[in-house]
Colleague: 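Handing you a structure now.
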Amino acid sequence: MKQIVKRLLETIVVLLGVILLIFIMLRVVPGDPVTTLLGEHVNQQTIDRLTKTMHLDRPILEQFFLYVGGLLRGDMGQSYKYNRPVTQMIMDAFPYTLALAIMASIFAWALGLILGIFAAVKQNRLPDHLFMGISLFGVSMPVFMAALFLQYLFAFKWKVLPLKADGSFLSMILPAIALGWNSAGSVARITRSSLLEAMQADYIDTAKAKGLLGRAVILRHALKNSMLPVITMMALQLSSMLSGAVISETVFAIPGIGRLATSAIENRDMPVLQGTVIFTTVIVIAGNFIADILYSVLDPRIRKAA
Amino acid sequence: MTIRRRKELVRELEQRSFSADASAENPGAAENGAKEELASQIGEKDGIAERMLRMCRQNKLALVSAIVILIIILLAVFAPLIAPYGEAQQDVINRLQGPSLKHLFGTDELGRDVFSRILYGSRVSLIVGILPSLIALVIGVVMGLLAGYFGGAVDALIMRLADIMLSIPSLLLAMVIMYTLGASTINLFIALSMINWASIARVVRSQTLSLKESEYVEAARSIGVSSGKIMFRHIFPNCIPSLIVLFTLEVPSSILSESSLSFLGIGVQPPAASWGLMVNQAKQFLFTQPWLSLAPCISIMVVVLAFNFLGDGLRDVLDPHMKNS
């Protein structure tokens, strides 16, 4: 319990640091945001009014505390371009990204575990080299490449799945595979190596000596104990997955968080960019925190040590 | 020696050094002897060059990858001599043509030769892969050494900063930096250097922490060697094997980040050619002229794959303790 509280405090410090860092980075941008927003030809009154509502006349540290205060109330400011609350725009976009990330994770887990287990069982034989080759292909393939070619083959050439995402389940399959492909490679590699390690343990010899069949030994004993690194790995993958979502959403025209961020850059819409990046990072940090807790719940050795 | 056998040896070595630490006050001479024998068996006593040569002999994949990388670097350096057409040489009448003998990979929407642009693009992609990784390496080493050696408040500050950098998804962080600085190749260098140092700092810090306690560092300190000299003369050289591995694996991730940013239109700007930017421009012709997207995509993948294979091979010989990371 004490460990969890300590970890929680650390997490909060990092979170505040992230907000401060992004806040400062976006405010050293050259040029006055008000002029960027309104153009050159507006009267001084409009400029003053907007400067006031955006708190741009206050010192930067005060702006920061005003922003954090707003965050706690769920207020991330107004979009320059659309004049809508950023929070609302993010909440509209988030379900798409969430669905995409969940489907991609399921795909990555399923494919990664299958490849990893087979490779470990057939260690140093053809399936091992083949499957590890495939995984390294997965890791090395840029998300946009997977996305473009899935789109070309399955949506354009064979016309089995929709070209653009329309929110239906079917239309999310290709974007999810494009996104999960990368992580599947990592999951496969880590599953293989941690399974191989687990299979060298004494209790595996015991299980074999008891006369258990190879498959039972692997599934019941070795796999269970080799899943911890894979879980940590998936939590770490969350970050790169949300990065990749930006690309997958762009290719398949999904109105998710990533699309929101790229369009915010095109529109020079600072509050939206700031909101999406902070929101995404909060999810990553929360994911890592949960994985940490899960790790200690799942592994009695760590639980006892803490 | 098979990989498995070596892994067993490594584990044994680790356990022994662990128990040696525990009984540091009275280190048995026999135990130390056994440790050294084990170390020489897995080749830990060999120099970096010897270990790399061994990798070339044993790991054909890594050797092939190294050769591929060398060829690509040569192609990039001599691009103006090899490329049949200029980087921006247009031939609008022959636009959007399929692959032929005249244009190996076809021509793009302005009639530029795709093969030539791939060659020129490799310069940007390789430089963006290598240079920011080097800068990130330097920052990471300095930060890691400082954090590990001085500990306390310095350590806490640097490591929290690293935590912060690592928790922001890298592409989004790069997007924020590119938004602030504006899209250009130079700014891309800055963005990629800034996002990559943190993971290197972590590795260097943890190695510094253990090296700091070693006897030779203690000896150096006791005869009054300055902190800076200890860090860079005595601790840093021991981090080099891991750094070579980290660097080799950092390059492909930088190349992927560059291509992703350029693909989104916020990286390298036209008329310069970069592989990611070429895909960005080709994607509108995906259904009619798919080869336009195919050529730069395959190029990116070949380079990234080669660096990953080489990095894996180097890790096996240079840094067998660093697994799965």
Side-chain angles (χ1 to χ4, degrees), chain A residues 10 13-15 17-18 20-22 25-30 123-124 136-137 139-145 148-149 151-152 156-157 189-190 193-194 196-197 200 229 233 238-247 250-251 258 261-262 264-266 268 270 273-274 276-277 280-281 284-285 288, chain B residues 2-4 7-8 11 61 160-161 163-183 194 252-253 255-257 259-260 263-266 275-276 279-280 282-283 286-287 290 293-294 296-298 300-309 312 323-325:
Chain A
E10 273 176 22
V13 170
V14 170
L15 198 58
V18 166
L20 184 63
L21 186 74
I22 291 171
M25 273 187 188
L26 286 173
R27 268 164 193 71
V28 294
V29 59
Q123 193 198 357
N124 288 332
L136 210 52
F137 258 91
V139 179
S140 305
M141 189 184 277
V143 176
F144 58 80
M145 178 174 177
L148 288 176
F149 288 99
Q151 196 182 36
Y152 180 76
F156 177 72
K157 202 132 199 204
R189 280 154 65 90
I190 227 130
S193 66
S194 79
L196 283 178
E197 196 164 319
Q200 285 175 358
M233 163 85 202
L238 187 64
S239 169
S240 64
M241 204 168 250
L242 288 170
S243 278
V246 178
I247 308 278
T250 305
V251 174
T262 38
I265 290 186
E266 282 156 23
R268 306 288 308 161
M270 192 270 282
L273 182 62
Q274 178 173 271
T276 46
V277 176
T280 318
T281 310
V284 170
I285 293 177
N288 287 345
Chain B
T2 64
I3 292 176
R4 181 158 179 179
K7 277 199 172 149
E8 278 166 17
R11 187 164 305 123
L61 201 54
R160 282 301 87 76
L161 193 60
D163 283 347
I164 290 168
M165 300 300 275
L166 286 173
S167 47
I168 307 173
S170 58
L171 190 63
L172 287 167
L173 182 58
M175 281 164 73
V176 169
I177 300 172
M178 295 307 281
Y179 171 90
T180 304
L181 300 176
M194 276 173 75
S253 89
I255 292 178
L256 282 179
S257 302
S259 60
S260 298
F263 175 76
L264 290 173
I266 45 178
W275 293 340
V279 185
N280 174 39
K283 69 170 188 254
L286 178 67
F287 302 130
S293 310
L294 193 66
C297 277
I298 300 275
I300 296 169
M301 215 176 76
V302 168
V303 172
V304 171
L305 208 53
F307 272 103
N308 277 337
F309 278 133
D312 270 13
K323 283 183 297 178
N324 309 336
S325 52

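Below, read A as the first sequence line, B as the second, and so on, with proteins coming before strands; counting in each chain starts at 1.
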Colleague: Does a sphere of radius 6.0 Å around CZ in F149(A) hold more than 12 heavy atoms from other residues, nucleotides or ligands, not counting ones at 6.0 Å or beyond?
Modeller: yes
Colleague: Does any part of the side chain of Y179(B), heavy atoms only, come nearer than 4.5 Å to the side chain of M25(A), both counted from C-beta?
Modeller: no
Colleague: Quick check for you: among L171(B), I164(B), I255(B), L61(B), which has the greatest number of heavy-atom pairs under 4.5 Å with chain A?
Modeller: I164(B)
Colleague: Do you know which of S293(B), A174(B), G182(B), S167(B) has the most heavy-atom pairs under 4.5 Å to chain A?
Modeller: S167(B)
Colleague: Is L305(B) close to chain A through its backbone or its side chain, or both, or neither, when contacts mean heavy atoms under 4.5 Å?
Modeller: both
Colleague: Is L294(B) in contact with chain A via its backbone, its side chain, both, or neither, using a 4.5 Å heavy-atom distance?
Modeller: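 Both parts, backbone and side chain.
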Colleague: Apply the test side-chain contact (heavy atoms from CB on, under 4.5 Å) to residues F156(A) and Q151(A): give CA-CA distance (whole Å), side-chain angles for both, the deciding distance (0.1 Å), then the verdict.
Modeller: CA-CA 6 Å; F156(A) 177 72; Q151(A) 196 182 36; over 6 Å; no
Colleague: Given C297(B) and F144(A), is the side-chain contact (heavy atoms from CB on, under 4.5 Å) satisfied, shown in steps?
Modeller: CA-CA 9 Å; C297(B) 277; F144(A) 58 80; 4.1 Å; yes
Colleague: Return the CG to CG distance between L256(B) and N308(B), rounded to the nearest 0.5 Å.
Modeller: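 Interatomic distance, L256(B) CG to N308(B) CG, rounded to 0.5 Å: 8.0 Å.
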Colleague: For D312(B), is it the side chain, the backbone, both or neither that has a heavy atom under 4.5 Å from a heavy atom of chain A?
Modeller: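 When you check distances to chain A, only side chain atoms of D312(B) fall under 4.5 Å.
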Colleague: Chain A heavy atoms under 4.5 Å from M178(B): which part of the residue, side chain, backbone, both or neither?
Modeller: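 Contact with chain A: none, neither part.
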Colleague: Nearest 0.5 Å, what's the CD1-OG distance between I168(B) and S243(A)?
Modeller: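 Taking CD1 in I168(B) and OG in S243(A), the distance rounds to 10.5 Å.
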Colleague: Which bit of I285(A) is near chain B, if near means a heavy-atom gap under 4.5 Å: side chain, backbone, both or neither?
Modeller: side chain
Colleague: Which is it for L26(A) and T180(B) under the side-chain contact (heavy atoms from CB on, under 4.5 Å) test, yes or no, and what are the steps along the way?
Modeller: CA-CA 6 Å; L26(A) 286 173; T180(B) 304; 4.1 Å; yes
Colleague: Taking every non-hydrogen pair under 4.5 Å, which of L242(A), L273(A), T276(A) racks up the most with chain B?
Modeller: L273(A)
Colleague: Looking at L286(B), I300(B), V302(B), which makes the most heavy-atom pairs under 4.5 Å with chain A?
Modeller: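 Highest number of pairs under 4.5 Å: L286(B).
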Colleague: Could you tell me which portion of V284(A) (side chain, backbone, both or neither) has an atom closer than 4.5 angstrom to a non-hydrogen atom of chain B?
Modeller: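 Side chain only.
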Colleague: Pick one of side chain, backbone, both or neither for T250(A), based on which atoms fall under 4.5 Å of a heavy atom in chain B.
Modeller: side chain
Colleague: Check whether any side-chain heavy atom of L173(B) sits under 4.5 Å from a side-chain heavy atom of M194(B), and report yes or no.
Modeller: no
Colleague: Would you sort out whether V277(A) and M175(B) count as a side-chain contact (heavy atoms from CB on, under 4.5 Å), showing the intermediate values?
Modeller: CA-CA 9 Å; V277(A) 176; M175(B) 281 164 73; over 6 Å; no
Colleague: Below 4.5 Å, heavy-atom pairs only: which of N288(A), L136(A), L238(A), V246(A) has the largest tally toward chain B?
Modeller: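 Maximum pair count with chain B is reached by L136(A).
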Colleague: Heavy-atom pairs under 4.5 Å with chain A are the metric here; pick the option from P252(B), S170(B), S260(B) that has the most.
Modeller: S260(B)
Colleague: Answer with side chain, backbone, both or neither: which region of F287(B) has an atom nearer than 4.5 Å to a non-hydrogen atom of chain A?
Modeller: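 Its backbone and side chain both get close to chain A.
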Colleague: For the candidates V143(A), I265(A), V139(A), which exhibits the highest count of non-hydrogen atom pairs separated by less than 4.5 Å from chain B?
Modeller: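 Going by pairs under 4.5 Å, I would pick I265(A).
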Colleague: Flag the one option from E266(A), E10(A), M141(A) with the top tally of heavy-atom pairs under 4.5 Å to chain B.
Modeller: M141(A)
Colleague: Is the shortest heavy-atom distance from the side chain of V251(A) to the side chain of K283(B) under 4.5 Å?
Modeller: no
